[in-house]
Structures are given as structure tokens and as C-alpha cells.
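To start, the structure itself, in C-alpha cells.
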Amino acid sequence: MTRPFISLLTDFGLRDPSPAICRGVMARIAPEAIVVDLSHEVRKYAIRDGALLLWCALPYLPVGVHVAVVDPGVGTERRPIAIRAGRGDVLVGPDNGLLVPALERIGGLAEARLLEDRGLFLEPVSSSFHGRDIFSPVGAHLAAGTPFEAVGPALDPATVVALQLPPVRVGDGRLETGVVYVDTFGNVKLSGLVSDLTAALGALGPGDPLALEIGAPRTPDARTVELPWATTFGGRPAGEPLVYEDSYGRICIAVNQGDAGRQLALGEDVPVVVRRA
């Protein structure tokens with residue numbers, strides 16, 4: 001691209017002026033940059049939700065600087081960091097796991113650095129708005145041409161905080177996974193990918209029945225439901241549930257024109273085992 005590119009993701013919400021303030025800080029430093037808002041409606045303090053939105057979005061964006069702020073630990077000893085990805089992108093934000101999952105889709109973690117050069121910050125730095133005072137100005141300086149090495153000292157990649165997701169275990173005829181996210185339509189996204197499901201069960205065709213063991217075994221909420229595999233929502237009548245591959249390759253549970261999370265009482269971290277019925 002002939003102009004620098006910056007993306008911005010936060011949990012600030014659209015009624016709050018904070019997203020516009022962050023964009024304004026960026027515009028003062030890098031007025032030529034194209035700034036794209038990924039979302040400012042991440043559920044409050046939900047680091048994992050923000051991380052999954054980055055995981056979905058970044059492969060489709062130009063190589064650039066990606067500023068992400070879902071930061072319940074702001075003002076504490078959690079580190080402000082920048083990560084250079086193998087594709088060439090730089091991710092800027094708190095070291096709380098928010099930035100890490102997306103890296104697997106844009107070339108992996110090439111280098112990580114602590115944000116320490118206060119000459120790149122907006123002074124005075126508050127204890128509660130690092131999105132404005134640290135992450136946005138550093139991201140803008142990087143987009144404007146400041147070398148990555150200038151932001152601060154290198155970090156051991158092994159010390160960068162990883163995000164904990166429900167584990168995925170591929171077995172013979174069964175896939176152990178769990179709920180990672182319920183989107184705004186009520187579609188329930190699992191930690192396993194369809195490639196994991198195929199490895200466990202073999203190729204699936206439209207209408208193939210699947211048994212989903214929901215909840216921890218031998219608990220009052222444990223149950224098994226039978227749902228069909230489908231390639232599209234419209235392959236099921238309105239109001240009927242299905243299992244499908246979302247547009248990012250993830251296993252999802254949905255209800256055609258309905259809310260699967262509510263209808264099937266599925267929320268984050270609920271364990272799910274998938275097998276053929």
C-alpha cells in the first residue's frame with residue numbers, strides 16, 4: 001500500500017468518546033495513515049473475545065499496524081508490548097493474551113518488544129487510558145516509519161502471555177473441544193476447527209447426524225443432543241439447529257434464524273464432545 005495502514009480494536013463501546021480520541025491521537029502523528037475500526041463493541045473486559053475477533057480479521061487486512069485494547073489490567077504491572085508477525089505486521093497492545101492467537105494466521109511471532117521509549121508516548125501517561133497514551137501513539141509512530149527496534153528492548157517470546165482456550169483433542173471417532181465465543185447472532189463457536197473434526201470423524205456430508213455431548217460428564221447439566229451437519233443455514237428449516245463450518249474454518253453450532261446459545265443453553269468454556277450419532 002502507498003499509505004500506512006492501522007487497524008483499531010477495543011472494548012470501549014461506541015457511546016464513549018475513547019475510540020475517537022484514539023483515532024485523533026493517531027491522526028496527529030500519522031495523518032497519512034488509513035485507520036480501520038475492527039470493532040469497539042468487544043464485550044467489556046473479555047480478552048478472549050477480542051483475541052478471536054483479531055484472529056478472524058487480520059488475515060484479510062493489509063500488512064500494517066494493529067492496535068488492540070481490551071485491557072482490564074491497565075495501570076498494573078502487565079506489560080505494554082509490540083509484536084512483529086512473520087507476515088510483517090506489528091501488533092500493539094497489552095501483554096494479556098489478546099494479541100497472540102491472531103499470530104498463527106499471519107506468520108507467527110517473529111519478535112516481541114516492551115514498549116519503553118516514552119518519547120513515543122502521549123505525556124502525561126495516565127493510569128487508566130493506555131489506549132490513548134501508549135498504544136495509539138506507538139502504533140501511529142510505527143505506521144509513520146519509526147523502526148520497530150525503537151519502541152523498547154526485545155522480549156523473550158516465551159514470556160509473552162498466551163491465551164488459554166478450551167483444549168482440542170482429536171481422538172478416534174471423537175473430538176473433544178469447548179465453547180470459545182458466542183457471536184452477536186447467537187452462533188456458538190468451538191475451539192476446534194473443521195480440520196480437527198475431519199481428522200477425528202472423517203469427511204462429513206450435508207445431513208450427517210452428529211452427537212454432541214455437552215457439559216462435563218456426570219454433572220447435572222451434562223446432556224447429549226443430536227444435530228445434523230450442514231453447509232449453510234438455509235439447509236435447515238427456520239428455528240432448527242445445525243452444526244456447520246463458519247467462514248473462518250471453525251466448528252460452529254447455530255439455529256437458522258435463531259439464537260443457538262440461548263436455545264441450547266451454551267456459554268463460554270462449556271465442554272463439548274463431537275462424534276457421529
Side-chain angles (χ1 to χ4, degrees), residues 7-12 38-61 65-87 89-115 130-131 134-135 138-139 154-170 175-184 187-197 246-253 261 266-272:
S7 73
L8 179 61
L9 175 139
T10 77
D11 63 347
F12 295 153
L38 294 184
S39 177
H40 299 296
E41 294 294 334
V42 177
R43 189 162 50 91
K44 303 298 185 186
Y45 321 118
I47 295 167
R48 191 165 73 189
D49 287 12
L52 288 169
L53 294 185
L54 289 174
W55 182 91
C56 290
L58 294 197
Y60 301 96
L61 303 185
V65 177
H66 309 293
V67 176
V69 190
V70 181
D71 193 16
V74 62
T76 69
E77 293 183 358
R78 74 92 186 89
R79 303 180 297 187
I81 62 171
I83 298 174
R84 184 167 58 82
R87 193 178 74 167
D89 307 78
V90 176
L91 283 65
V92 178
D95 183 23
N96 59 12
L98 175 65
L99 308 178
V100 173
L103 294 169
E104 70 181 52
R105 305 191 74 203
I106 53 172
L109 192 159
E111 186 179 2
R113 289 187 175 268
L114 180 68
L115 303 185
H130 287 184
I134 298 178
F135 303 130
V138 169
L155 295 171
D156 179 353
T159 69
V160 174
V161 174
L163 193 69
Q164 298 301 314
L165 297 175
V168 179
R169 300 184 181 90
V170 177
L175 178 70
E176 298 178 21
T177 179
V179 177
V180 293
Y181 183 65
V182 180
D183 71 15
T184 56
N187 301 325
V188 177
K189 298 179 182 288
L190 304 183
S191 56
L193 303 179
V194 172
S195 57
D196 300 318
L197 188 62
D246 77 358
S247 56
Y248 309 103
R250 192 172 292 281
I251 307 166
C252 287
I253 304 166
L266 286 168
E268 285 185 10
D269 296 312
V270 171
V272 178

Evaluate the salt bridge (Lys or Arg N to Asp or Glu O under 4.0 Å) criterion for residues D246 and K189: first the C-alpha distance (whole Å), next the side-chain angles of each, then the deciding distance (0.1 Å), finally the verdict.
CA-CA 8 Å; D246 77 358; K189 298 179 182 288; 2.8 Å; yes
Please report the C-alpha distance between K44 and D11 in whole Å, then the side-chain angles of each, then the deciding distance to 0.1 Å, and finally whether the salt bridge (Lys or Arg N to Asp or Glu O under 4.0 Å) criterion is met.
CA-CA 5 Å; K44 303 298 185 186; D11 63 347; 5.7 Å; no
Under the criterion side chain to side chain contact (heavy atoms under 4.5 Å, CB included), I'd like the reasoning laid out for L266 against V182: C-alpha separation, chi angles, the key distance, then a yes or no.
CA-CA 8 Å; L266 286 168; V182 180; 5.7 Å; no
Step by step, would you call E268 with R48 a side chain to side chain contact (heavy atoms under 4.5 Å, CB included)?
CA-CA 10 Å; E268 285 185 10; R48 191 165 73 189; 3.4 Å; yes
Give the C-alpha distance, both sets of side-chain angles, the deciding distance and a yes or no for salt bridge (Lys or Arg N to Asp or Glu O under 4.0 Å) between D71 and R78.
CA-CA 9 Å; D71 193 16; R78 74 92 186 89; 2.7 Å; yes
Could you go through the side chain to side chain contact (heavy atoms under 4.5 Å, CB included) check for E111 and L155 one step at a time?
CA-CA 8 Å; E111 186 179 2; L155 295 171; over 6 Å; no
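Residues W55 and Y181 are not in side-chain contact: their nearest non-hydrogen atoms beyond the backbone lie 4.5 Å or more apart. Taking 4.5 Å as the limit, every side-chain heavy atom of V67 sits out of range of all side-chain heavy atoms of L9. The closest side-chain heavy-atom distance from V74 to P94 is not below 4.5 Å.
Side-chain contact annotation: D89 with H66, donor-acceptor N/O pair under 3.5 Å present. One side chain, T159 or R79, offers a donor N or O that lies under 3.5 Å from an acceptor on the other.
Side chain of R113 to main chain of I81: no donor-acceptor pair is present (N/O by atom type, distance under 3.5 Å, no hydrogens or angles). The closest donor-acceptor contact from the side chain of T177 to the backbone of G192 lies under 3.5 Å.
Between L58 and L38, the shortest heavy-atom distance links the atoms CD2-CD1, 4.2 Å. Of all the heavy atoms in G97 and A51, the pair that sits closest is O-CB, 4.2 Å. Contact record, V70 with Y45: CG1-C, 3.9 Å, taken as the closest heavy-atom pair.
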